[in-house]
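Below is one structure, written out as structure tokens, with a few remarks after it.
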Number of protein chains: 2
Amino acid sequence: MDGARRTTARFFSQPVAFRASADDASCVKYTYEFPRPALTVDAVVFTLRANDLAVLLIRRKKAPHKGKFALPGGFVDANESLANAALRELAEETGVTDVTLEQLGAYGDPGRDPRGHTVSVAFFSFIVAEAHEVTAGDDASSAAWVSWAEIESGPAALAFDHAQLVQDARVRLQQRLDDPCGHVGLELVPARFTLSELQGVYEAVFGRAFDKRNFRSRLLAQDLVEAVDAAQRTGRHRPAQLYRWKNVKTQ
Amino acid sequence: MDGARRTTARFFSQPVAFRASADDASCVKYTYEFPRPALTVDAVVFTLRANDLAVLLIRRKKAPHKGKFALPGGFVDANESLANAALRELAEETGVTDVTLEQLGAYGDPGRDPRGHTVSVAFFSFIVAEAHEVTAGDDASSAAWVSWAEIESGPAALAFDHAQLVQDARVRLQQRLDDPCGHVGLELVPARFTLSELQGVYEAVFGRAFDKRNFRSRLLAQDLVEAVDAAQRTGRHRPAQLYRWKNVKTQ
DNA sequence: ACAAAAGTGTTGAGAGTACACCCATGC
DNA sequence: GCATGGGTGTACTCTCAACACTTTTGT
């Protein structure tokens, strides 16, 4: 504990802004009575890519963990909500917007960032990769989808405790899909989709095969999807019936 | 966003310690290149009290929200883990120790604390009230169990967004108990307990009655509990068989 | 004796799982 | 015509929910 007794009034004293030196006009400092951990947000964005689960990562071009993959994320701005901070950082670093993020939890082990005590609030999501363009945000990093196989079995080493975050996020995603209404808030498939596409998403997330008949009958029995009449997706083989989520605006 | 481009190196510059004035030796200040939200932890500790769910709260004796009830909690110290901070604050403010806390999530709405941007990481737990002594921590607050009825229907107004926290915590607690192994990490009952006592906990958490036969047979079918031979609790009526959790050390 | 809590089985409905074959299309 | 993915039904098992009466003790 601190030697000095911490009082609320003193802890909450307003930050003092001043210039550190005459020749650095941009260097305003923020001062508090007690130390504050840095607060960051990270986003674990999943997608289905080539029949495999993939995560949107950036490659760090700066120390620490230079050259390693990391989750898009960054510092929470003054008077910014956590979710907005995560959306902003995701957009800045990967170009991905229009995402619904769900909170995963806070990660605050004092040693998780070698630069100092940093607490990160993690979010997760699932999106259709084809519906979002990925662009590297700045020269400090480059963004790309990285398949789960590369993440899990070594080739793509993750910075900080981000390997833990993506593991936890996948478990939470599985719990979401176990729920009959688990698709709400997650962009698992395009607005119109075939049941095989949806099944592919489930199989990638859970890492195992599902029985086609059981999968389809459960969806229909739970009244989650409805066929879109006179719309069939053409392809190399027999065209598949298109569906949409039921009780959701048509989009 | 900030006008200045935020770089990692500058954000992580070490805090500068100095004395604000010559006659206040204890007033060391901490300075950062960018504003940092205050980081706090809060603990939602449930118990069963008089057949009703209750939450361990403190009554605030200071502004803001003077006189209102609030969750025990406080600021995270330098290089302190989130869970340890919550345990420390819980012990300081209520005297309750030896608790297993589980993380609920982070609450970071910029307006949630009128004193300024404050992010709180919430934890929850369930304990046997009789096994823990509650003592007010200091003159800034007094600690007490407050029944759910008082919390929900008005008499006990909660400070900040703590009404939301306890609601969310109860939902998470219900999800935990739905899990066949939901009791792990939660101190629902004493080491030796009757099935009626355990059922009472479930009924308080879910707010509805369970069928006695179904409740008992499910527990036994799932191999969760085992009878403790030659041990029966005496009372006003027919003595009840005592049980203990299976596959858990005897305690 | 009676009040109060302890204890005990069966039945029906629904969900989940396992399983195999024909269909429509592109090449 | 053949390769490829699309599409369909049944039987079994297991879990969950509903349901009432007897037993044991203290007073």
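This structure is a prediction, so every number in the text was calculated from the model and none was measured. Each chain gets a letter, A, B and so on, in the order the sequences are listed, and its residues count up from 1.
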May I ask you to decide whether B:Glu203 forms a salt bridge with B:Arg208, counting only side-chain N to carboxylate O separations under 4.0 Å?
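Salt bridge: no.
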Using a 4.0 Å heavy-atom cut-off, write out nucleotides 17-27 of chain C from 5' to 3' as B (base contacted by protein), S (sugar-phosphate only) or - (no contact).
BBBB--BBBS-
Is the B:Tyr202 to B:Phe215 ring centre distance short of 6.0 Å?
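Yes, the ring of B:Tyr202 comes within the 6.0 Å limit of the ring of B:Phe215, centre to centre.
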Under 4.0 Å, heavy atom to any atom of DNA chain C: which of residues 198-207 of chain B qualify?
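None, since no heavy atom is under 4.0 Å.
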d([atom1], [X]; [atom2], [N]) in whole Å:
X	N	atom1	atom2	answer
B:Leu220	C:dG7	CG	P	11 Å
B:Phe215	C:dT8	CZ	P	15 Å
B:Leu219	D:dA17	CG	P	13 Å

Look at B:Ser196 and C:dA5 and indicate whether a side-chain polar atom (N or O) is within less than 4.0 Å of OP1 or OP2.
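For C:dA5, OP1/OP2 do not have a side-chain N/O of B:Ser196 under 4.0 Å.
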Check the surroundings of atom CG in B:Asp179: do more than 12 heavy atoms from other residues, nucleotides or ligands lie under 6.0 Å from it?
yes
If only side-chain N and O atoms count, and only distance matters, is there a donor-acceptor pair under 3.5 Å linking A:Ser196 with A:Gln199?
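Side chains of A:Gln199 and A:Ser196: no pair found under 3.5 Å.
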Quick one about A:Asp178 and A:Gln174 (side-chain donor to acceptor, distance below 3.5 Å, no hydrogens or angles considered), yes or no?
no
Given the rule in the side chain to side chain donor-acceptor pair (under 3.5 Å) test, do B:Asp168 and B:Tyr107 qualify, once you have shown the distances and angles that lead to the verdict?
CA-CA 11 Å; B:Asp168 294 350; B:Tyr107 291 77; 2.6 Å; yes
Heavy-atom nearest nucleotide on DNA chain D taken for A:Glu197 and for B:Gln222; more 5' hit belongs to A:Glu197
Parallel, tilted or perpendicular: which fits the ring planes of B:Trp245 and B:Phe193, with parallel below 30° and perpendicular above 60°?
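Taking B:Phe193 first and then B:Trp245, their aromatic rings sit tilted (interplane angle of 30° to 60°).
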Taking only residues two or more places apart in sequence or in another chain, which ones pass ring pair (Phe, Tyr, Trp, His ring centres under 6.0 Å) with A:His237?
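Ring pair (Phe, Tyr, Trp, His ring centres under 6.0 Å) list for A:His237, sorted by chain: empty.
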